[in-house]
Every structure is written in structure tokens, then in C-alpha cells.
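Here is the structure we will look at, set down as C-alpha cells.
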Amino acid sequence: MTAIDPHSAEEIRVRIAPSPTGDPHVGTAYIGLINFLYARQRQGKFVLRIEDTDRARFVATSEQMIFDALHWLGLEWDEGPDVGGPFGPYRQSERSGIYREHVEMLLQSGAAYRCFCTAEELEAVRRRQMAAKLPARYPGTCRTLSVTDVEANLAAGKPFVIRMKVPAHGSTTFRDELRGPITFEHTNVDDQVLLKSDGFPTYHLANVVDDHLMRISDVIRAEEWISSTPKHVLLYQAFGWQAPRFWHMPLLRNQDKSKISKRKNPVSLVYYRQAGFLPDAMLNFLGLMGGGMPADINNASEKFTLAEMIQHFDVKNIRPAGPVFDLTKLRWLNGEYIRALSLQDFYATLRSTVLADEYLTEIASLIQTRIETLGEFGNLTHFFFADDIQPASEVFLPKNRTPEETLVFAAEQLAVLEATDWTHAALEPALKQLGESKGWSVKENFMLLRAILTGSTMSPPLIESMIVFGKARTLDRVRRFIDVQKKSKK
RNA sequence: GGCGCCAUGGUGUAACUGGUUAACACGCCGCCCUCUCAAGGCGGAGAGUUCGGGUUCGAUCCCCGAUGGCGCUACCA
């Protein structure tokens, strides 16, 4: 590590690099906020890069949802896939040539090598190591392959990956700007795969190459990356590049202190938006996580705007301990923001969110044929506007089913809903197939979901209702149902 | 198991470069206001700073160790 700060005169450039694998995550918003503030405070640039190198988990609609969520919060970026910029493309899937070129450099210099081991072989080795209570490490089989062996394998058309050659001895130390120097012995750093057999880079390679090419001065990311940072530092060295500064932010936590997860918390920004959280409240709340703001701003120590954060927030003051994402406090804060609105603004906000024309039109189309007076509108649509639906057991429990098996089935429904595109064409067969395979009739199957979603056995058509209500909120309702039922059994 | 990070009430934070009756906010409880529920006002309970050593006249704060929590340990990011 260099002692002198090589960045002092440089332009500050930071980035967030979300992966389009599902709904935009509240953790992305948190890291996004801190990067945004850091850039704005230093007249720097805030870059949005899409890390879509995992084709197995890729979700086509995800990228746009990420854009929308960040716009909603007002975390505007200076460079990105949609707005362009001087260091594009900003979507990793469009940079394959760049990675191939760079991995070739590593191959040439001997900092990386081809590995022909199969997944099965590696899995077997890993199992043996685990059984022997040894650390699970790549055994190094292909590290020392001769040129002729490599040629032969290539000629035979064997698939391969490219691994980085971590030095056998010594250690790597890097500085974390929040924690100080952190050292890893090379014996504890695995020969990371850099290029997968499908030709796509892994995070580690793509990240280092892009951060360098995009002139990123400060990598501000989540704490979970600390253990892989030595790999990144080694890569910078192998390329002969100056590494950026590293800042690892604490991980947001569930109530039980585990890393925040959808099982135990709503984590989708789409959910928060649709459930009627205000962006300013969300931003304010995220700004509270880990500290960073001075103790007393305008006599109201815990309430501040984005502008005030730009003015007063200091990333150096972040505490490294992982803060619990406390929904109760977020709700209180959100209430404060709602109450602070003028009646006109409050009403306008309602009309643009939970009472938006498009939403109401869709709902209207579902109930027009089902009511006799307009006054009955609310009877059938209550669940579209409520946030605490919990059906009584008489409502959700099918005849001849035990609460236990019903809960198990609900969990299976949840898994199917999570994995299915939010369209009628995909949802109906997926749900029916699940019912068939588990011996649940269509009626039982749909009625259970209807009860969970609407709190009633009578409602507009189920799947249409789910589509209008939205995936994020539907999933949350099912998760909450399961959660409440589990707790009430205890 | 290995490696790493972290540690102030239930939760989020504060406590100047070691000296405070350990502060504020959320939540909780009570009272007031009030047709109800919120909001608002007032008050209260709740931590001696994970534990054990050390340094010091003096440690929440510095050092060491232990314990606990978390993360990583993938051809996921």
C-alpha cells in the first residue's frame, strides 16, 4: 500500500453497481445514498453501472426498476447506461471484449491461468475438505499445467475457466477508510475464477477492470466485500494499476441482526414506494443508519433533507457496526413527513400514488360488473388500499386441511410467485401446476391465496387482482401472513 | 471448521484529542387534551457502555485476551 495519497488532486468519481437480478434493493439505496452524497460534496461524479454478468440470475425487467427506484429517491447519477458518459458502455454485458482483452494480459504475465477442472471434480474436493474440517480451497490442480497440457486440453475442446494465480506466500494489506489497515494471508485467499466458462467475467474481474477504466477514485460498497478486497488489490497490482480508496459500509440488518433479507423484512424499493412511503422519509431514514450526520441539525436531530445531508453528512463518521433496519421507526418518520405536508400537497401525493388514475382505473375494471351501487366500491376493493390484511382461520383454512399443511402450501405458493413473471399467462399455469403436484385442488389453491391477499373468500378475480396489486406488495402480504401464522402457533 | 469485521438501553444514534448524574430519538408505560382514534403536551421505566485483564490519578473512549454477533468461504453479486 502506498503511503502517499495519490488521489488528492484527482477528480472524485464514485459508483454504485447493482445487479439486475430482481427488485431494486433497499441496500442499493443505502449504498447509493452514501456514494451520491460523497460525490455531491466534492463536485465529483456519481456513476451508475449495471453488473449483469450473471446470466442465470438475470431478470430483464430489473434494470428499469432500478432506474425508477433511484429516480424516485432523487439519487440522480451523472453517468450510466441510460444517460451515457465518457467511460461507457456502463452495462457490463456490453463490455465483454474489454474483459477478454484484460484477462489475456493476465494470462500473458502469468498472473492468471486456465483451469480445466469440472464442477463435479471441484465439488468432490470441496466435500472432502469440509469433511476433513479443512478450509475449502481450490486445490491448485491446473496451476502448474504445462504449456503442452494446456494446448492439448484446448485442442480437445475442453471447457475451461480462467483463475487468478494468488501468490502462495506472503500477505496483502489494504486500507479500509473506516477501519484502518486490514491484512489477509495469501494462504487464505483462493484462486478466484475471473472468467467463467461461458466467457462472462466474474464480479471480481469486471469490477476491478471497470473501476479502473471508469477512473473510480473511491469504492464505497457494502461490508460483505471486505473478504474479497485482497483479491481485488492483487488484481490492481497484476495490472500495474493504482487501487482506489476502499470504504466498506455496514450491512443493514434484520431484527435478529442477520444481513437484511426478504424473508424477514421488506427489502424491495418497489414495495416501499407502492406501500406509500415517501422518498424523503426513506432517504432520511437511510441517512440515520450508521450515523454520519452531526447530532443536532435545526433543533430536530433526526430529521433532515437530502440537501442537508449533502451539507453536513460525513462518511468518516459512519459507525462500522451493522444497524438494524427498524420498520417501526421508518413508519414513524414517514408519518412525520406526511403530517408536515400541506393538505393540498398531501392530497396531491395521494393522487399520484395510492390513488393514481392508472391504479384506480385498473381496479375499476375489475369490479364494474360485480357491484350494484357505486357505494359498494369499497366493499370489494378494500384490500387494494389496506396494509394490514390478516385473514381469520375460518377464512383461509380449507376444509379437511390442517393449519400446518396449509402453511407449508402457502410457503410453496410464495416460492412459485417469487419465481414467476408477473403476468396472467405465467402465473395461472405456474400456480395450477404447483397445486397439481401437491394435491391441492384449484379451488383450495386459489382460495387460500385469495384469503391471504384480500382477507376474504369473495373478491375480484385472483390473478388479475394480484397483477394490479403488484408483485412486491403481493409477496410481502404472503410473507407477512406466513410470518404471523407461524408466530401465533408458538 | 478457516479467515475477516464488529460490540453503548428492545431499536437507531450521542458523549471534544480519556474527566458527564452516560444524552437524544423510536418503541413501551402513565397522565393531560378529547365523542373515538391519531396527533400534540407532560411524566416514567429501561444501559453504567459484552466480559476479564492491563495502561492511567482517572477509562464508553487506548492496549491485550475471551465471549458473542455478523460477513465471506460459488464458474452469485
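Throughout, protein chains are lettered first and strands after them, A, B, ... in sequence-line order, and every chain is numbered starting at 1. All figures in this text were calculated on a predicted structure; none of them were measured in a lab. Excluded from the calculations below are hydrogen atoms, water molecules and symmetry mates; all remaining heavy atoms, backbone and side chain alike, are included.
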Polar side-chain atom of A:N254 near backbone of A:S261 as donor-acceptor pair, under 3.5 Å: yes

Between A:R221 and A:E51 (salt bridge meaning N to carboxylate O under 4.0 Å), is one present in this structure? no

Quick one: are the ring centres of A:F325 and A:Y30 less than 6.0 Å apart? no

Pick base, sugar-phosphate or nothing for [X], based on heavy-atom distances below 4.0 Å to the nucleic acid.
{"X": "A:F200", "result": "nothing"}
{"X": "A:R137", "result": "nothing"}
{"X": "A:S197", "result": "base"}
{"X": "A:T53", "result": "sugar-phosphate"}
{"X": "A:Q92", "result": "nothing"}

Assigned partner base of [N], Watson-Crick or wobble definition, under 3.5 Å:
{"N": "B:A23", "result": "B:U13"}
{"N": "B:C42", "result": "B:G30"}
{"N": "B:U60", "result": "none"}
{"N": "B:G71", "result": "B:C3"}
{"N": "B:U49", "result": "none"}

Euclidean distance for [atom1], [N] against [M] (whole angstrom):
{"N": "B:G58", "M": "B:G19", "atom1": "P", "value": "14 Å"}
{"N": "B:U20", "M": "B:U60", "atom1": "P", "value": "8 Å"}
{"N": "B:G9", "M": "B:G27", "atom1": "C1'", "value": "12 Å"}
{"N": "B:G53", "M": "B:G46", "atom1": "C1'", "value": "30 Å"}

Proximal nucleotide (of B:A77, B:U11, B:A14) relative to the A:R319 side chain: B:A14

Quick check for you: among B:G40, B:A77, B:C5, whose closest atom lies nearest to any side-chain atom of A:E336? B:G40

Would you indicate, yes or no, if [N] has its OP1 or OP2 atom less than 4.0 angstrom from a side-chain nitrogen or oxygen of [X]?
{"X": "A:K329", "N": "B:G10", "result": "no"}
{"X": "A:R331", "N": "B:C26", "result": "no"}
{"X": "A:T202", "N": "B:C76", "result": "no"}
{"X": "A:K257", "N": "B:C6", "result": "no"}

Establish, for the pair A:R42 and A:Y38, whether the NZ or CZ atom is under 6.0 angstrom from the six-membered ring centre and no further than 45 degrees off its axis. yes

Within 45° cone and under 6.0 Å: A:R163 NZ/CZ vs A:Y113 ring: no

